[in-house]
Amino acid sequence: MRALIIDDERLARSELRRLLKDFPEIEMLGEARNADEAFKIIQELQPDLIFLDIQMPGDNGFQLLERLDQAPMVIFTTAYDKYALKAFDVNALDYLVKPIEPKRLGAAIAKVVSRFSIANAAVSVDPKSVPAIETHHQVFVREGDHCWFVKLKEIVLLESEGNYTRLFFGPNKPLLLRSLNYLQTRLDSQLFFRANRKQIINLNFIESIHAWPNGGYLVKLRGGFEVTMSRRQAQQFQEATKL
Amino acid sequence: MSTNRRTKIYWLCQGLGWGIYAAANLVLFILFVPGISLQWKRYALIFFCAAIFAILTTDRFRFFAKNRGWLYMSPARSFLRVIASSIVLGGIITAQVSFVWLLVFGVAPFRRLDWLPGVLFGWTSTVFIWTVAYFGIHYFEQYRQAEMEKLQLAVVAKESQLQGLVSQINPHFIFNSLNSLRALILENPARAQNVVTQLAALLRYSLQSGKSLTVPLEEELEIVNTYLQLEAIRFEERLAIKMEMAPETLSVPVPPMLLQSLVENGVKHGIEKLPQGGEVSVTSRIEHNTLKIDVRNTGNLAGGSNSTQIGLVNARERLRLLYGNEAALVLRNDGDNSVVAEITVPVRGSSPA
């Protein structure tokens, strides 16, 4: 796995780098001293994994993740404030407290590697490499005290709310700081369809489709969502899904 | 007051009180009752006995009342008991005195008992005065005790409040330092050793800071320097430090960890947030018999996060408890890219209240 260390402290970075020498499965791509540097490197080198310090000058770790269209796998490193991570679902991420215990580091890496190989196996089936966000990928969303790493294939519905977009998955519906139009250009069109001006739906979650008298459709999604399509959209939908 | 001393005072009051009472009665008898001056020795004997009886009887009553817990009842509840006891005690003493009277003067006075109500009333009212005085003294003492306890409680509360307000070294900083230390052990062992001693000094000072209300500014400054040297390891070239302390300020007593917490704040909200880093400066001077310390850091007070506010509120509360209105702490923007915390502390001869 190709990994990047993001920490504002030189000594913290060199310490982690030294600890990671014992793990041949981790290929070190480099280091970043702050969110801006990290953002550039991530865009450029697309690491599979980042070791991310939460407290940094400028944007903090969470803000960096929010800026990314898709979040790589993340292992948070933090000196003390475990509580800052309490908001997460424990399974969704790993964190390490500094000074880092080599044993804990090993366990975290093992977990990430196993998830990574599952995801990779899924990708290798898909031959084409599209610029769009691949469906097994995750986005980082934060709302108030809650944060999520959301797998795109788990999102049922995306709904425009001004310049932002509300994501519906499971029982959650946080706001993502991206416009629906922008997301449409980034999402896999095999899976996501722009049903109308305000909504994008995940085709995998369609429960039933009802013809509407005006030639449009009423689409029912799992989770009790109902989405309407105009006639024109319904035609596009037919083409896209070869109904 | 020790129990022993109380008992002594009690017996002294009993002896003097009843002695004077008996003597005064004797003098009044001799002066105003015609024809008894020749028999004054007999009367003296009777009044002497009366004083002894009164002392013993009231003492028994004291024992009784104490055992029954009457002294700790509310005055409203004990008042009726005081009246009833006075009548009973008055009766007992009258009976005892009458018996002596009988022994001294024979049965003659007992053929006509017209003197009895007056004597009975006299003893009853005297004993009543005794009990009221006795209960009164006790109530007063209990009240004073309660007041004193209240005062002590207030002092304890203030102390613990003060201790709660003393800020501790930021745990985030400690763990970050430990992490840097782990890297330094290989990279620069001599420096690592240095860091261990510095961390120890800082932790010791922080843990002990609750023990004294003030320390000389010099001592606080030493720890601020230690802290900044440790931060310099983390921030390297990003942290610049400037100190300008007037020599006459160094011996002024200040609350421990106050300056330290403000410098920490400066680093946390100034330097830590800035990718390019910045400068922290501390200056001190004496103006009109007050100590002024300025902690300046690069950065901006933008709305202010909650953590600063809590630290600031605590520091202000602490200054208020220690110095009243004579101390102040102001945090403000100073120009475009500088935040200053200004501490004002009165200079006093000795340590503050």
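Source: prediction; values computed, not measured. Below, read A as the first sequence line, B as the second, and so on, with proteins coming before strands; counting in each chain starts at 1.
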Engineer: Looking at Y164(A), I'd like to know if its OH atom is crowded, meaning that more than 12 non-hydrogen atoms belonging to other residues, nucleotides or ligands lie closer than 6.0 Å.
Structural biologist: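 Check fails, neighbour count at 12 or below.
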Engineer: Which pair of heavy atoms, one from F175(B) and one from A79(A), lies closest together, and at what distance?
Structural biologist: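 The pair with the smallest heavy-atom distance is CB-O, 3.3 Å.
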Engineer: For atom CZ of R197(A), decide whether the heavy atoms of other residues, nucleotides or ligands shown that lie under 6.0 angstrom number more than 12.
Structural biologist: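 For R197(A), atom CZ is not crowded (no more than 12 foreign heavy atoms under 6.0 Å).
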Engineer: Quick one: pull up CD in E272(B) and CG in N60(A) and give me the separation to the nearest 0.5 Å.
Structural biologist: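 Output value for this atom pair is 11.0 Å.
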Engineer: Are P57(A) and R238(B) packed together at the side-chain level, in the sense that at least one heavy-atom pair is separated by less than 4.5 angstrom?
Structural biologist: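 Yes, at least one pair of side-chain atoms sits under 4.5 Å.
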Engineer: Are more than 12 heavy atoms from other residues, nucleotides or ligands located less than 6.0 Å from atom CD of Q43(A)?
Structural biologist: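 Yes, enclosed.
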Engineer: To the closest 0.5 Å, what do you measure between OG1 (T77(A)) and CG (N179(B))?
Structural biologist: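 Between T77(A) OG1 and N179(B) CG, I get 8.0 Å after rounding to 0.5 Å.
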Engineer: Hey, could you give me the CG/CG distance between N34(A) and L274(B), rounded to the nearest 0.5 Å?
Structural biologist: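 N34(A) CG to L274(B) CG: 11.5 Å, rounded to 0.5 Å.
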Engineer: Let's test your reading of the structure: which of L184(B), L181(B), I271(B) forms the most heavy-atom pairs below 4.5 Å with chain A?
Structural biologist: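 Of the candidates given, the most pairs with chain A belong to L184(B).
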Engineer: Is there a side-chain contact between P275(B) and R33(A) in this structure, where contact means two heavy atoms from C-beta onward sitting under 4.5 Å apart?
Structural biologist: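 Side chain of P275(B) against side chain of R33(A), heavy atoms only: no contact under 4.5 Å found.
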Engineer: Any salt bridge between E187(B) and R18(A), counting N to O under 4.0 Å?
Structural biologist: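 No, this pair does not count.
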Engineer: Specify the closest pair of heavy atoms between L11(A) and S180(B), including all atoms of both residues, with the distance to one decimal.
Structural biologist: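 What the structure gives for the nearest pair is CD1-CB, 3.8 Å.
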Engineer: Can you tell me how far OG of S177(B) sits from NZ of K98(A), rounded to the nearest 0.5 angstrom?
Structural biologist: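 Rounded to the nearest 0.5 Å, the NZ-OG separation comes out at 11.0 Å.
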Engineer: Within this structure, what is the CD-NZ distance for the pair Q55(A) and K273(B), rounded to the nearest 0.5 Å?
Structural biologist: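 Reported value, rounded in 0.5 Å steps: 8.5 Å.
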Engineer: Is chain B contacted by the side chain of L16(A), its backbone, both, or neither, given a heavy-atom distance below 4.5 Å?
Structural biologist: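 Neither part.
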Engineer: Is I174(B) in contact with chain A via its backbone, its side chain, both, or neither, using a 4.5 Å heavy-atom distance?
Structural biologist: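 Contact with chain A is absent: no heavy atom of I174(B) under 4.5 Å.
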Engineer: Find the distance between CD (E9(A)) and CD (E236(B)) and round it off to the nearest 0.5 Å.
Structural biologist: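 Answer rounded to 0.5 Å: 8.5 Å.
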Engineer: Looking only at heavy atoms and a cut-off of under 4.5 Å, which of P99(A), A12(A), A35(A) has the most pairs with chain B?
Structural biologist: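 So the answer, after comparing P99(A), A12(A), A35(A), is P99(A).
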Engineer: With a sphere of 6.0 Å drawn around CG of N163(A), does it hold more than 12 non-hydrogen atoms of other residues, nucleotides or ligands?
Structural biologist: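 For N163(A), atom CG is not crowded (no more than 12 foreign heavy atoms under 6.0 Å).
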